[in-house]
Structure formats: structure tokens, C-alpha cells
2 protein chains.
Amino acid sequence: MIGRINHIAIAVPDVEKAALHWRDVLGADVSTVESLPEHGVRIVFVNAPNGKVELMEPLGETSPIAMFLQRNPDGGMHHICYEVSDITAACDHLTAKGARVLGNGTPKKGAHGNPVLFLHPKDFNGTLIELEEVR
Amino acid sequence: MIGRINHIAIAVPDVEKAALHWRDVLGADVSTVESLPEHGVRIVFVNAPNGKVELMEPLGETSPIAMFLQRNPDGGMHHICYEVSDITAACDHLTAKGARVLGNGTPKKGAHGNPVLFLHPKDFNGTLIELEEVR
């Protein structure tokens, strides 16, 4: 079911500062900053030949990563996103297998405009897994 | 400097159980278990078309991930590994930029037989970064 690794997300307290640091110290190829107010984050892509890391800073009072940064003020690895070809079929399969889909249990529009869902980290070894439909 | 994402490592308390779960629930392509006693881990690869996740269980009393699992008994995302073409040059550059290389500050032989180093997570937003030389 799961396909390509779409991205690995890292929460950071200051995305400009983090992007400059990754660029200057690691020699990383970093994008400009994008604000996604409807998703409560400001992000920078760290592009590698075979995938990307997303550095995410909380945006707004209801940011979904605000609590994570309260617990981890320096930041930290937040989630891994896999692509699936049919998110409705994936959701049905996962639910039938007993995995818990966060929120109301159905896919919603993600940061890249595609339908996404997040799986409960307790069901996957403490790892938050996002599935994104990429047709 | 950093090149391909070589793997994302997830610490788990029971690698057989985790592998079966990732296979059955996520439909993941998982390898058989490999024991790496000299590195203190038992691992399973979760193969995706563009990269891999390594599920790691502690092996032995001095496993480098034992403390992580004490703090996170369910497991969790442990590190991200990038490939570099020349680890000595990378190490020199990183040290000159003030980044801290864990251990004695020099590369050592990693789990795949290539020279590796780990960077202090405090220097990279709470994220443990491994660099592996792949020529």
C-alpha cells in the first residue's frame, strides 16, 4: 500500500534560522520560506536527490505543532509522510486493521493540496505517519 | 555537501513485531531481520521506491539506542542519515563550522560497512543526523 517517502518533517522553533544553518553547515539545498496559515505552519524544503525534509515552524495560536515544540523546545523529528495512490482505500484498509486515523477518522486536504491522513503514533512505534494521496 | 537521504531510523522495542505490523497494516515491503552485534542493534529495512526506513531494536547491554528506548518505550523516530561523498572533508567542514561530531569527533565504521559520523542533535534542531560516506 505505502509507496514513495514523500517527506520527513522536522519541527523547528525558527525556520529561517534553521534553513540558514542547514544550508551553511550541511551544505543543503534549501527552498525559500512558505507560509501555510490554513495548516498552521511556515515551511522550508530541504531538497535531496531522492526526497525532501520539511522544516516546519508553528504559525498562529492553533498550530498543530505548537504542543510538540512546547515539549521539544529545540525542535525534533515530527513525522514521516508516505504516498498512497488511493487514500480512501488506504483509510478503509487501515481502519479495518485497527489502526487509528487522527481527527475525525477521514482524510482531509493536506499542506500540498492533496488528501492526507495521519495515523496515531501509538499504533506505529511512537512514529507519526502521514499518508498523502499522490495519483 | 549532503547528498541522498540514505535512511530514516526508527527505534522499536520488538523489531519482528514492528516489521509484521508495518507489513500487514501499511502494506510495507519489509526485509528479514539482521543482527548487527558490533553496532548493538537488530534491524529490518522497510523499502520504499526512493529510500528506506530502518526499524532498529536494541541488541546487547551497551546498545546505543537503549537509552532512547528507556525514554520512549513505544519507540520513535531516532535519526536521519544523509550520504556524503567524502566523510573526512565533511567532518573537517562541519567542525570548522562549529558543529559537534559525537564520540571522539572522527568518522567510524557504520552499520553498512561505510565510514559514518553522527552530529550532535542540539546543533540541528533536536534531530540526530548521521552522515555516511557512499562513494
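These figures come from a predicted structure and were not determined experimentally. Here is the naming used below: chain letters follow the sequence lines, and residue numbers restart at 1 for every chain.
We find the CG-NE2 distance between N125(B) and H78(A) to be 14.0 Å, quoted to the nearest 0.5 Å.
By the rule that hydrophobic residues join a cluster once side-chain heavy atoms approach within less than 4.5 Å of another member, I80(A) and V134(A) end up as members of separate clusters. Linking ILVMFWY residues whenever their side-chain heavy atoms come closer than 4.5 Å, directly or via other members, leaves V84(B) and L128(B) in distinct clusters. Residue M77(A) is grouped with residue V44(A) when hydrophobic side chains (ILVMFWY) are merged at heavy-atom distances under 4.5 angstrom, including chains of intermediate members. When the side chains of ILVMFWY residues are joined at heavy-atom separations under 4.5 Å, either directly or via intervening members, F118(B) and I43(B) end up in two distinct hydrophobic clusters. Both V101(B) and W22(A) are part of a single hydrophobic cluster, where members link through side-chain heavy atoms under 4.5 Å apart.
For chain A, no part of L55(B) is nearby; none of its heavy atoms comes within less than 4.5 Å. There is no contact between K17(B) and chain A, counting heavy-atom distances below 4.5 Å. For A11(B), the part sitting under 4.5 Å from any heavy atom of chain A is the backbone (N, CA, C, O) and nothing else. Using a 4.5 Å cut-off between heavy atoms, I8(A) touches chain B through its side chain atoms alone.
Options D14(B), L131(B), D24(B), N72(B) differ in how many heavy-atom pairs under 4.5 Å they form with chain A, and the most are formed by D24(B). Per-residue heavy-atom pair counts under 4.5 Å with chain B were compared for G76(A), A18(A), G51(A), and the maximum is reached by G76(A). Annotation: maximal heavy-atom pairing with chain A below 4.5 Å, among L119(B), N47(B), L26(B), occurs at L26(B). The greatest number of non-hydrogen atom pairs below 4.5 Å with chain A, out of I5(B), N50(B), V12(B), is found for N50(B). Of all the listed residues (R4(A), K97(A), H93(A), E83(A)), the one sharing the greatest number of non-hydrogen pairs under 4.5 Å with chain B is R4(A). Among G98(B), A99(B), G3(B), the residue with the largest count of heavy-atom pairs under 4.5 Å with chain A is G3(B).
The backbone N or O of G126(A) sits nowhere less than 3.5 Å from a side-chain atom of D74(B) that would complete a donor-acceptor pair.
Residues D29(B) and I2(A) form no side-chain contact, since every pair of their non-hydrogen atoms from C-beta on lies 4.5 Å or further apart. A heavy-atom distance below 4.5 Å is not found between the side chains of D123(A) and V25(B).
Residue E38(B) places its CD atom among more than 12 non-hydrogen atoms of other residues, nucleotides or ligands, all under 6.0 Å distant.
Between F124(B) and H21(A), the two ring planes are tilted [angle within 30° to 60°].
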